[in-house]
Amino acid sequence: MYAVACVLLVEGQVVLSVLVWAVAVALFLVNALPVLSPGRRSLADRVAGTAVTGIGLSRPVATPLVRTF
């Protein structure tokens, strides 16, 4: 999205470039803000069905989400 905004800006489409850039920022926030929630899963993690695990400075590993009933 950012690349499209840059191309539009170079082509002289300033208003459309700003609009595409604003959409790109909004999509970034929609994906990134859930990481601050207690589950610490981004939108991409939720769609993929993965969870990031790890404590402290350990390297996070994406693993499939397992539900127990």
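Minimum heavy-atom separation, A5 to S17: O-OG, 2.7 Å.
Through chains of ILVMFWY side-chain contacts below 4.5 Å, L16 is grouped with M1, V4, L8, L19, V20, V23, L27.
Partners of V25 according to the side chain to side chain contact (heavy atoms under 4.5 Å, CB included) rule, which considers only residues two or more places apart in sequence or in another chain, are Y2, W21, L29.
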